[in-house]
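What follows is a single structure, written as structure tokens, with notes after it.
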Amino acid sequence: MKITMLWLICMCCLIAAPAVWGQAGNSPAKLGIPGYLDPHTGAFRPFPTIEDDAELPAATVFTGTVSVTLTITLKTTSLTNITCVADVVAFDASNTVVLEESNTVAGTGTGTTRTCKLTIPYAWSLTTQSTDNMQTSYSVLGNTGTTGLPQRTSSRSPLDTRKIPGNGVTTTLTAAVTL
């Protein structure tokens, strides 16, 4: 009887132990590094730190256009539908804002050469334009009209990285792509 009682007490302790340990006070949350994950490159980009009592400069709207012309040479001759996507990403370093604009168009042309002309207007409210950068990337997708297969993709990120230009500037970029 004593062994049975001792065994019963031990089993109750074993069953209750995880519940008791689960009642431990929550430890303070560990703060990570604030930032964003660039979906094109998979690179993590941390936000710069700003003192809590620091005053941010006044924001100014900067406008412009990024024009991307892609010339596609088709090596996979069965591709009939060509789609192009271009992205422009800006990072306002002073207030940790990421701004992104994109455009998608269908390729034009026949035979083994296609062209995509993408125009991306932007209007970004920036506080540190003179030190901020913008990055332009593209993806070209090709498939057949009947089944969608085969599908080929070609991407480049970044195609271009530069300081954000002054108001009203058109940035013209070109690239040759092979699918």
Pairs involving residues 165-179, ordered by first then second residue, that meet salt bridge (charged side-chain N to carboxylate O under 4.0 Å, His left out) (sequence neighbours left out) | none
Do Thr115 and Ile72 have side-chain heavy atoms sitting under 4.5 Å apart?
->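 They are not in contact (no side-chain heavy atoms under 4.5 Å apart), so the answer is no.
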Kindly indicate whether the side chain of Val140, heavy atoms from C-beta on, has any atom under 4.5 Å from the side chain of Thr83.
->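 Of all side-chain heavy-atom pairs linking Thr83 with Val140, none is under 4.5 Å.
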Quick one: list whatever passes side-chain contact (heavy atoms from CB on, under 4.5 Å) with [X], sequence neighbours left out.
{"X": "Thr71", "answer": "Thr113"}
{"X": "Ser154", "answer": "Val177, Leu179"}
{"X": "Thr60", "answer": "Phe62"}
{"X": "Thr73", "answer": "Lys75, Thr178"}

How would you list all residue pairs meeting ring-ring contact (aromatic ring centres under 6.0 Å, His included) that involve residues 116-136, not counting sequence neighbours?
-> Tyr122-Trp124
Between the main-chain N or O of [Y] and the side-chain N or O of [X], is there a donor-acceptor pair closer than 3.5 Å?
{"X": "Asn167", "Y": "Thr63", "value": "yes"}
{"X": "Gln151", "Y": "Gly142", "value": "no"}
{"X": "Thr144", "Y": "Leu149", "value": "yes"}

Residue list, side-chain hydrogen bond (donor to acceptor under 3.5 Å, both in side chains) with Asn143, at least two apart or on another chain =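 For Asn143, the residues satisfying side-chain hydrogen bond (donor to acceptor under 3.5 Å, both in side chains) (neighbours in sequence not counted) are Asn81.
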Residues at least two apart in sequence or cross-chain that pass side-chain hydrogen bond (donor to acceptor under 3.5 Å, both in side chains) with Ser155, listed by chain then number, are Ser139
Please collect all disulfide bond (SG atoms under 2.5 Å apart) contacts where either partner lies in [range], sequence neighbours excluded, each pair once.
{"range": "residues 150-179", "value": "none"}
{"range": "residues 109-179", "value": "Cys84-Cys116"}
{"range": "residues 136-179", "value": "none"}

Any side-chain donor-acceptor pair under 3.5 Å between Thr128 and Asp92?
->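 Short answer, yes.
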Check salt bridge (Lys or Arg N to Asp or Glu O under 4.0 Å) between Arg162 and all other residues, then give those that pass, not counting sequence neighbours.
->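 Salt bridge (Lys or Arg N to Asp or Glu O under 4.0 Å) check on Arg162 returns Asp160.
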